J.: 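Provided herewith is a single structure, encoded as structure tokens, for subsequent inquiry.
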Protein chains: 2
Amino acid sequence: MDDDKVFKALADASRRMLLDRLCERNGQTLGQLCETMDMKRQSVTQHLGLLEQANLISTVRRGREKLHFINPVPLYEVYARWIRKFEEERLNLLHDLKQELERKQT
Amino acid sequence: MDDDKVFKALADASRRMLLDRLCERNGQTLGQLCETMDMKRQSVTQHLGLLEQANLISTVRRGREKLHFINPVPLYEVYARWIRKFEEERLNLLHDLKQELERKQT
DNA sequence: CATACATGCAGGCATTTGCCTGCATGTCAA
DNA sequence: TTGACATGCAGGCAAATGCCTGCATGTATG
């Protein structure tokens with residue numbers, strides 16, 4: 001997985017909205033997704049392109065249409081790499097803070 | 001929580017590296033963090049500023065030094081809002097895909 | 001075939017981003 | 001107090017980003 005592409009893809013509100021739309025109803029076409037997005041079709045295409053490069057969505061052509069499907073795997077990997085890790089450290093944080101504050105002040 | 005600030009803060013490799021450094025050793029000063037970052041101090045300051053605005057780190061002044069501590073809460077909220085949600089949908093995705101493909105092709 | 005429809009591709013442009021340099025402020029220690 | 005150290009703040013600049021317009025390609029349907 002390319003961490004950077006995933007995070008950069010998620011860093012835009014329009015792209016997160018597209019993921020939400022696909023979560024509500026998976027497998028939508030570009031045209032369908034455009035209906036709920038307040039921008040031109042070509043801009044939506046660019047956003048979907050970044051999401052696809054980050055492997056957050058997969059596409060299937062059906063005739064002249066292109067269907068878009070969410071791929072949750074990169075999100076899970078982000079969780080495993082970045083979130084669960086910090087969760088494990090959570091209990092140590094207050095201890096670290098207390099220790100550090102006391103280190104040079106006593 | 002401000003979703004957008006958190007995602008934008010995480011969208012930069014340098015800022016993710018800073019979080020990693022703080023995960024290894026919490027409560028470091030700006031100067032300490034600069035030692036492992038290949039850029040000027042002022043740039044590191046900017047990155048830390050964005051992380052702090054996203055509430056991903058908290059700071060404490062100790063004399064002329066400024067200590068930086070990770071705050072894992074926004075990460076957990078990202079997980080709850082964006083990752084766990086899609087995880088729950090995970091099992092439905094293949095079903096949706098199959099259904100959509102069959103919808104107009106039969 | 002001819003037309004309409006769904007999408008692809010290229011280029012322009014204003015804004016944001018990330019890094020820099022230069023200087024100012026605040027704090028410790030002799 | 002004075003000099004050294006840690007950080008804060010402002011402005012410049014090249015690159016990346018996000019949105020647009022215009023046109024090209026491919027596909028279904030009469």
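The sequence lines fix the lettering, A, B, ..., with proteins before strands; numbering per chain opens at 1. What you see is a predicted model, and the numbers here were worked out from it, not measured in a lab.
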J.: Sorted by first residue and then second, give each salt bridge (charged side-chain N to carboxylate O under 4.0 Å, His left out) pair with at least one member in residues 10-22 of chain A; sequence neighbours left out.
T.: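 Passing the test, one end in residues 10-22 of chain A: A/R16-B/D4, A/D20-B/R81, A/D20-B/K85, A/R21-A/E24.
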
J.: What is the minimum heavy-atom distance between B/M39 and B/S43, and which atoms define it?
T.: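 In terms of heavy atoms, the two residues are closest at SD-CB, 3.6 Å.
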
J.: If I take atom OG from residue B/S14 and atom CG from residue B/L19, how far apart are they, to the nearest 0.5 angstrom?
T.: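 Answer for the OG-CG pair, B/S14 versus B/L19, is 11.5 Å.
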
J.: To check you understand the geometry: which heavy-atom pair defines the closest contact between B/P74 and B/A54, and what is its length?
T.: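 Looks like CG-O, 3.9 Å.
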
J.: If the helix axis at each end comes from five base pairs, how far does the helix from C/dC1-D/dG30 to C/dA30-D/dT1 deviate from straight, to 10°?
T.: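 What I find for the helix from C/dC1-D/dG30 to C/dA30-D/dT1 is an axis angle of 30°.
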
J.: What parts of residues 7-16 of chain B reach DNA chain D, counting only heavy atoms under 4.0 Å away?
T.: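 Within this stretch, nothing sits under 4.0 Å of the strand.
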
J.: Among residues 38-47 of chain B, which residues get a heavy atom nearer than 4.0 Å to DNA chain C?
T.: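 By residue number: B/M39, B/K40, B/Q42, B/S43, B/Q46, B/H47.
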
J.: At a heavy-atom distance below 4.0 Å, which nucleotide of DNA chain D is the first touched by chain B, and which is the last?
T.: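 The contacted stretch runs from D/dA4 to D/dC9.
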
J.: What pairs of residues pass the ring-ring contact (aromatic ring centres under 6.0 Å, His included) test when at least one of them lies in residues 46-68 of chain A, not counting sequence neighbours?
T.: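 Applying ring-ring contact (aromatic ring centres under 6.0 Å, His included) to every pair that reaches into residues 46-68 of chain A, excluding sequence neighbours, yields nothing.
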
J.: Take atom CD of A/Q32 and atom P of C/dA6, then tell me their distance rounded to the nearest Å.
T.: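 Those two atoms, CD and P, are 10 Å apart.
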
J.: Can you tell me how far apart CG (B/L56) and CG (B/L50) are? Round to the nearest 0.5 Å.
T.: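 Atom-to-atom, B/L56:CG and B/L50:CG are 10.5 Å apart.
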
J.: Quick one, A/L67 and A/T59 - any side-chain contact, counting heavy atoms below 4.5 Å?
T.: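 They are not in contact (no side-chain heavy atoms under 4.5 Å apart), so the answer is no.
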
J.: If you look at every heavy atom in A/L22 and A/I57, which pair is closest and at what distance?
T.: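 Taking A/L22 first and A/I57 second, the nearest heavy atoms are CD1-CG2, 3.8 Å.
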
J.: Are the side chain of B/N71 and the backbone of B/N55 linked by a donor-acceptor contact shorter than 3.5 Å?
T.: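 Checked: pair present.
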
J.: Quick one: B/L50 CG to C/dG18 P, roughly how many Å, whole number?
T.: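 To the nearest whole Å, that distance equals 7 Å.
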
J.: Which atoms form the tightest heavy-atom contact between B/K5 and B/Q53, and what is the distance?
T.: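 Heavy atoms of B/K5 and B/Q53 come nearest at CD-O, 3.8 Å.
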
J.: Using atom CZ of A/R61 as one end and atom P of C/dA6 as the other, report the distance to the nearest whole Å.
T.: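 One finds 13 Å between P of C/dA6 and CZ of A/R61, rounded.
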
J.: For the atom pair NZ (B/K8) and CG (A/L10), what is the distance rounded to the nearest 0.5 Å?
T.: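 These two atoms lie 11.0 Å from each other.
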
J.: Would you mind telling me which of A/Y76, A/Y79, A/W82 makes a ring-ring contact (aromatic ring centres under 6.0 Å, His included) with B/Y79?
T.: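 Looking at A/Y76, A/Y79, A/W82, the match for B/Y79 under the ring-ring contact (aromatic ring centres under 6.0 Å, His included) is A/Y79.
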
J.: Please report the interatomic distance CG(B/L18) to CG(B/L48), rounded to the nearest 0.5 Å.
T.: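 One gets 5.0 Å once the value is rounded to the nearest 0.5 Å.
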
